[in-house]
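Because only heavy atoms are used, hydrogens play no part in the values below, and waters and symmetry mates are left out as well, while side chains stay in.
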Amino acid sequence: MADTGKRIIYAVEVDQGGGRWLSILRTEDFEHAQAIAEDARAGGAKVRVSEDQVRSALKRKST
């Protein structure tokens, strides 16, 4: 598979009220993000998992 220079990052976010969300975890592992979100929901928190594509830093050769 060719490297496109992009990665998928999953953020676990907790509702702070008033439409504000606080990111408590950022990971490339979707299963880990889901497990953390489920634990937080079990504790009564309003939580979501969002997905972002980020461009990875590519190393450049000096010329």
Side-chain angles (χ1 to χ4, degrees):
M1 186 165 115
D3 182 11
T4 62
K6 292 186 179 180
R7 299 181 322 190
I8 302 294
I9 300 293
Y10 301 98
V12 179
E13 301 170 324
V14 178
D15 184 15
Q16 292 186 298
R20 296 177 310 182
W21 292 85
L22 174 66
S23 178
I24 60 170
L25 173 74
R26 292 175 56 85
T27 182
E28 291 183 50
D29 184 355
F30 179 73
E31 288 80 18
H32 185 218
Q34 282 293 96
I36 296 295
E38 288 173 16
D39 287 347
R41 284 186 194 111
K46 184 175 177 185
V47 180
R48 70 181 180 190
V49 176
S50 63
E51 179 182 305
D52 291 318
Q53 280 193 354
V54 295
R55 184 164 280 208
S56 59
L58 301 175
K59 293 182 180 178
R60 296 184 188 175
K61 271 189 170 177
S62 298
T63 56

field: Nearest-0.5 Å distance, CD of residue Glu13 to CZ of residue Arg26
entry: 8.5 Å

message: Between Glu31 and Tyr10, is there a side-chain heavy-atom distance shorter than 4.5 Å?
response: no

Atom pair CD1/CD of Ile9 and Glu28 - distance to nearest 0.5 Å: 4.5 Å

query: What closest approach, in Å, do Ala33 and Thr27 show between heavy atoms, and which atom pair accounts for it?
result: CB-CG2, 4.0 Å

task: Measure across Val47 and Ala37 and return the closest heavy-atom pair with its distance rounded to 0.1 Å.
output: CG1-CB, 3.8 Å

task: Hey, could you give me the CZ/CD distance between Phe30 and Glu51, rounded to the nearest 0.5 Å?
output: 8.0 Å

field: Joint hydrophobic cluster, Ile36 plus Val14, side-chain heavy atoms closer than 4.5 Å
entry: yes

